[in-house]
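First the structure, in the form of structure tokens, and then the observations on it.
Because only heavy atoms are used, hydrogens play no part in the values below, and waters and symmetry mates are left out as well, while side chains stay in. We count ligands from 1, going down the list as the structure has it; atoms in each ligand are counted the same way.
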Amino acid sequence: MQQKIVSPSIVIVGSMNLDHTFSTPRIPQPGETVQATRVTTSRGGKGGNAAIAARRAGGRVAMIGCLGDDDAGRHYRSHLQREGINTDGVVISQQIPTGAAFITVDDVGENTIVVHSGANACVGLSDIDASATAIATADLLLMQFEIPLEVVAQSADIARKFNVVVIINPSPWNDLFRESKIHVDIIIVNETEAMNLTQQSIEWLRENPLSVCDLFCCSAIVVTRGNRSTLIFQRGQMLQEVMPPTVVPRDTVGAGDAFAGAFAVKVAEGDSLLEAVAFANTAGALSTLVCGAQSAIPTRHEILARLMSKEIGTKE
Ligand code: RIB
């Protein structure tokens, strides 16, 4: 039996944004003006959200990224520290402000997001070199695509050299990833990203489960699908599906990040992919119950309590 790691060490190399969220009855069409019922400002960014998720799920977490030398940046850094996240690898750009996102959330919790990279674009290869020891000594490295791709590639190279598991959530999608040969063990994608990744339909993937991972030389690809079953394509095994718990979502912003952070902790603990996905599905679903990307991210205790109280359907 594989040895379980208690409170594994997770490094996130990723983005941190200030989210400006407009609640509207519906997502505006091109050319349409829609009246917002509420405007809020909160902390987000796919990297920061995943870091909070991994921390609350029980990991020891270190964040590597870049913030601006502004109030948003200063508050973000102390917020991460209050959550118990190591910020030694968070650098401050003197020139560029903290990244920002403009978000619309409609009445059924669906969203659209426009991101301005800001300081996230300033994470450089020298910053990764300065944090190489943190990556090399971690149990797992988790990354997304709101930072420069060469930074993702370099971080993955360090991880590979030291046998650190690499999970990538290629969001927002970047076509260069397909040819980049970035080392990755597990890829997490939503349906749209899955189609970008493989240039095949989800139906094709379902029918060819054994060849999907070979495309990216990874051991597994996990496809999240909102309230429908999460698909697990594992090298050498058949496709598996895990249903998320049923919830009535208020705000789906950051649900994918909550999934990724919780999933990373379970994988690093040595759980099976099936167990890790069931745990992460629950984290993602619970994160949609409150507005804001980070405020709703559940703790390990909340995830486990929900998992125990509800039956998670598993189809094979
Ligand atoms: O995944 C949700 C996140 O995407 C938001 O918090 C926003 O900042 C963008 O990065």
Margin query: Going by side-chain contact (heavy atoms from CB on, under 4.5 Å), Ser155 matches just one of Val151, Val152, Ile158. Which one?
Written below: Val151
Checklist line | Atom indices of ligand 1, in the order listed, that fall short of 4.0 Å to a heavy atom of Asn49 | finding: 2 (C), 3 (C), 5 (C), 6 (O)
Check: Is there any N or O on Ser15 that sits under 3.5 Å from an N or O of ligand 1?
Finding: no
Notebook entry, point to check: To the nearest 0.1 Å, how far is atom 10 (O) of ligand 1 from its closest protein heavy atom, and which atom is that?
Noted result: Glu146 OE2, 2.6 Å
Note to self: Please list, in number order, the atoms of ligand 1 under 4.0 Å from a heavy atom of Ile113.
What the structure shows: 2 (C), 4 (O), 9 (C)
Check: Which ligand 1 atoms, with their elements, are less than 4.0 angstrom from a heavy-atom of Ala101?
Finding: 7 (C), 8 (O)
Next item on the list: Would you mind checking if Arg160 and Asp185 are paired as a salt bridge, meaning a charged N to carboxylate O distance below 4.0 Å?
Entry: no
Notebook entry, point to check: For ligand 1, which atoms have a heavy atom of Gly44 less than 4.0 angstrom away?
Noted result: 6 (O), 8 (O)
Notebook entry, point to check: Is the shortest heavy-atom distance from the side chain of Val6 to the side chain of Glu269 under 4.5 Å?
Noted result: no
Check: Between Ala293 and ligand 1, does any nitrogen or oxygen pair lie at a separation below 3.5 Å?
Finding: no
Notebook entry, point to check: Any idea which protein heavy atom is nearest atom 7 (C) of ligand 1, and the distance to it?
Noted result: Asp19 OD1, 3.3 Å
Notebook entry, point to check: Is there a heavy atom in Gly45 that sits closer than 4.0 Å to ligand 1?
Noted result: yes
Name every donor-acceptor pair, under 3.5 Å, that has one atom in a side chain of residues 20-29 and the other anywhere in the protein, sequence neighbours excluded.
| unit_1 | atom_1 | unit_2 | atom_2 | d |
| --- | --- | --- | --- | --- |
| Thr24 | OG1 | Arg26 | O | 2.9 |
| Arg26 | NE | Glu32 | OE2 | 3.3 |
| Arg26 | NH2 | Glu32 | OE2 | 2.4 |

Notebook entry, point to check: Side chains of Ser171 and Glu193: do they bring a donor and an acceptor to under 3.5 Å?
Noted result: yes
Next item on the list: With the side chain counted from C-beta on, respond yes when Thr104 and Asn111 share a heavy-atom pair under 4.5 Å apart, and no when they do not.
Entry: no
Check: salt bridge (charged side-chain N to carboxylate O under 4.0 Å, His left out) with Glu83: which residues, sequence neighbours excluded?
Finding: Arg56
Next item on the list: Can you pull out the closest protein heavy atom to atom 4 (O) of ligand 1? Residue, atom name and distance to 0.1 Å, please.
Entry: Lys46 NZ, 3.1 Å
Margin query: Using a 4.0 Å cutoff against the non-hydrogen atoms of Gly254, which atoms of ligand 1 qualify?
Written below: 2 (C)
Next item on the list: Kindly state whether the ring of Phe145 and the ring of Phe177 have centres lying under 6.0 angstrom apart.
Entry: yes
Checklist line | Protein residue, atom and distance nearest to atom 2 (C) of ligand 1, heavy-atom basis | finding: Asp257 OD2, 3.2 Å
